[in-house]
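In what follows, a structure is listed as structure tokens, so that the remarks can point back to it.
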Protein chains: 2
Amino acid sequence: MAVDRKQQIIEAATNSFSLFGYKATTMDQVARLANVGKGTIYTFFKNKEELFDEIIQSLIAEMREVAEEAVDPSLSFYENAHRALFQILQFRKRHQLTIKLFQEGKEMGTPAVIEVMTMMEDAILSFIKEKISLAVEVGEIKPCNPEVTAFVMLKLYISLIFDWEQRKEPLSEEEILRLFELYLFEGLSI
Amino acid sequence: MAVDRKQQIIEAATNSFSLFGYKATTMDQVARLANVGKGTIYTFFKNKEELFDEIIQSLIAEMREVAEEAVDPSLSFYENAHRALFQILQFRKRHQLTIKLFQEGKEMGTPAVIEVMTMMEDAILSFIKEKISLAVEVGEIKPCNPEVTAFVMLKLYISLIFDWEQRKEPLSEEEILRLFELYLFEGLSI
DNA sequence: GGAATGACTAAATGAACAAAATGGTCATTA
DNA sequence: TAATGACCATTTTGTTCATTTAGTCATTCC
């Protein structure tokens, strides 16, 4: 075959998921968009959910790459934490697919979407956790539970970037970095 | 009548809201529970939402009182934050109403509930902000934007109590206080 | 011969309609 | 004159059924 049918299917599905969401994307539509018979999809993917999962796994891998790229070994842990988290969240903001799915998960509660969003969050948490564990070992930050700390960091970031934006003027990247530093690293005590 | 009908209605409604939520509480039910004709409710309250609002206003006032009582001017900001936080924790446990409404707002998105939860959040934020401003003026904590700081404190608190519980074993009160202290006051830096 | 296909089926979905429940009113009652 | 519950308009819930959809498989095509 001249063209890679599997790739065609993945691209068609990604486009449709991005545009209409998971539920509103039909396998007929994916087949049509991919210029492929519907049955062909099932020679590459067991079912709709597996096709979806494979797309999300790529997305997660891409996110990890972006985050990893943001890390600069010559910088401090807190600066790197900020850079990585900021990049991940910006990535999420930029990619139509993540935006659409976030919406669908919240508004319609589609189970497959919720499952996948949890996977994405877990991937982010596991990435941060890894970095925290390392920083603790090296003695760059105080000993702490890496799992809870990763969770708190992510939540703090989401609060500052997404939630704060709902009520007030968005914070600039510099402000976010400064706040991150102030609250999580220096602490408020005199 | 010997008994205060308005009070009866408020108590019945509070019970039902706590037990079944706002939407699932019918005015017939409130009337029945209050041993009152349905029309009587409407001599005291314009409609269901006003009855709800009045109950929430009391709840907010009560929360403020509880928090205010916990504050001891002779203690440090840090210690007072502990005490207020602890009291609010205890308060939350006593009031299924808050929990039920929080759930309903998130899961069903009942507009009246969302509106009221926003009011509660604003009340809490304004309370914390006030205390932070004072502490900064007195030089008890580092200078910081009181509004953002209050926001971050509340979000951290909600993350630790509600969100963490969704994925892992709930944290004990002692653990929550310890984490709050570690992340916000001491900071992670060595 | 084996990959690709699209007509086919069982299951899921949602539109449309009917029935029940609910918020709010008001004439009657005590 | 305050309290009430039958009553009404509207909303919500339950049900039916035609349509749509995910997934299969006999047939086609290279």
Side-chain angles (χ1 to χ4, degrees), chain A residues 1-56 100-101 104-105 107-116, chain B residues 1-56 100-101 104-105 107-116:
Chain A
M1 50 192 132
V3 281
D4 185 346
R5 304 178 104 69
K6 186 174 178 184
Q7 203 49 44
Q8 272 179 298
I9 292 166
I10 288 179
E11 272 161 33
T14 304
N15 278 333
S16 186
F17 287 146
S18 301
L19 218 50
F20 308 112
Y22 177 76
K23 230 189 130 190
T25 291
T26 71
M27 294 303 260
D28 274 310
Q29 194 179 13
V30 172
R32 209 176 329 116
L33 288 171
N35 282 315
V36 144
K38 188 159 61 150
T40 309
I41 300 176
Y42 290 88
T43 64
F44 294 112
F45 305 95
K46 212 175 78 227
N47 52 38
K48 186 180 179 182
E49 199 161 338
E50 208 170 75
L51 167 60
F52 187 43
D53 278 355
E54 190 157 326
I55 288 172
I56 296 299
K100 193 76 200 177
L101 292 179
E104 190 174 346
E107 284 170 17
M108 314 176 64
T110 319
V113 174
I114 290 176
E115 195 186 299
V116 139
Chain B
M1 235 314 150
V3 282
D4 185 347
R5 304 177 102 71
K6 187 175 178 183
Q7 204 49 43
Q8 272 179 299
I9 293 165
I10 288 179
E11 271 161 34
T14 304
N15 278 335
S16 185
F17 286 146
S18 300
L19 218 50
F20 308 111
Y22 176 76
K23 231 191 128 190
T25 291
T26 70
M27 294 303 260
D28 275 311
Q29 194 179 12
V30 172
R32 210 174 329 114
L33 288 171
N35 282 315
V36 142
K38 188 159 60 146
T40 309
I41 299 176
Y42 289 88
T43 65
F44 293 112
F45 305 95
K46 209 173 82 229
N47 52 38
K48 187 181 179 183
E49 198 161 338
E50 208 170 76
L51 167 61
F52 186 43
D53 278 354
E54 190 157 325
I55 288 171
I56 297 298
K100 191 79 199 173
L101 292 178
E104 189 175 346
E107 285 170 18
M108 315 177 62
T110 320
V113 173
I114 289 176
E115 194 187 299
V116 139

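Predicted model, so just to flag it, every value in this text is computed and none were measured. Chain identifiers are assigned alphabetically (A, B, ...) following the order of the sequence lines, protein sequences preceding nucleic acid strands; residue numbering begins at 1 within each chain. Just the heavy atoms: all of them, side chains too, but no hydrogens, waters or symmetry mates, feed the values below.
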- Task: Evaluate side-chain contact (heavy atoms from CB on, under 4.5 Å) for A:F44 paired with A:V36, printing each intermediate quantity in order.
- Result: CA-CA 12 Å; A:F44 294 112; A:V36 144; over 6 Å; no
- Are any of the side-chain heavy atoms of B:L51 and B:K48 separated by less than 4.5 Å?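 B:L51 does not reach B:K48 side chain to side chain.
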- Message: If you define the side chain from C-beta out and look only at heavy atoms, does anything of A:Y22 sit under 4.5 Å from A:K100?
- Response: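 No, their side chains stay 4.5 Å or more apart.
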Interface polar pairs with nucleotides 28-30 of chain D, N/O, under 3.5 angstrom:
none

Measuring from atom [atom1] of [X] to atom [atom2] of [Y], what distance do you get when rounded to the nearest 0.5 angstrom?
{"X": "A:R5", "Y": "A:T40", "atom1": "CZ", "atom2": "OG1", "value": "6.0 Å"}
{"X": "B:D4", "Y": "B:E11", "atom1": "CG", "atom2": "CD", "value": "9.0 Å"}
{"X": "B:F17", "Y": "B:Q29", "atom1": "CZ", "atom2": "CD", "value": "10.0 Å"}
{"X": "A:N47", "Y": "A:F52", "atom1": "CG", "atom2": "CZ", "value": "12.0 Å"}

Nearest-Å distance for atom pair [atom1]/[atom2], residues [X] and [N]:
{"X": "B:E50", "N": "C:dG23", "atom1": "CD", "atom2": "P", "result": "16 Å"}
{"X": "B:K48", "N": "C:dG24", "atom1": "NZ", "atom2": "C1'", "result": "12 Å"}
{"X": "B:D4", "N": "D:dA2", "atom1": "CG", "atom2": "C1'", "result": "14 Å"}
{"X": "B:K23", "N": "C:dA21", "atom1": "NZ", "atom2": "P", "result": "15 Å"}
{"X": "B:I41", "N": "D:dT4", "atom1": "CD1", "atom2": "P", "result": "10 Å"}
{"X": "B:F45", "N": "C:dG23", "atom1": "CZ", "atom2": "C1'", "result": "15 Å"}
{"X": "A:F20", "N": "D:dT21", "atom1": "CZ", "atom2": "P", "result": "12 Å"}
{"X": "A:L51", "N": "D:dT21", "atom1": "CG", "atom2": "P", "result": "16 Å"}

- Can you figure out which of C:dG24, D:dT4, C:dT5 approaches the side chain of B:R5 most closely?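 Side chain of B:R5 sits closest to D:dT4.
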- How far apart are the closest heavy atoms of A:K23 and A:M108, and which atoms are they? CD-CE, 4.2 Å
- For A:A24 and for B:T43, locate the closest nucleotide of DNA chain D by heavy-atom distance; then report the residue assigned to the nucleotide nearer the 5' terminus. B:T43
- Side chain B:Q8, main chain B:A34, donor-acceptor under 3.5 Å: yes
- Message: Donor-acceptor pair, distance only, cut-off 3.5 Å: does the side chain of A:S16 make one with the backbone of A:A13?
- Response: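 No; judged by distance alone, with no hydrogens or angles, the pair does not exist.
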- Message: Let's see if you get this right: which residues in residues 25-34 of chain A place a heavy atom under 4.0 Å from DNA chain C?
- Response: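 Hits under 4.0 Å, by residue number: none.
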- Message: Using side-chain contact (heavy atoms from CB on, under 4.5 Å), reason through B:L101 and B:E104 one step at a time and then give a plain yes or no.
- Response: CA-CA 5 Å; B:L101 292 178; B:E104 189 175 346; 4.2 Å; yes
- Task: Using a 4.0 Å heavy-atom cut-off, write out nucleotides 25-30 of chain C from 5' to 3' as B (base contacted by protein), S (sugar-phosphate only) or - (no contact).
- Result: B-----
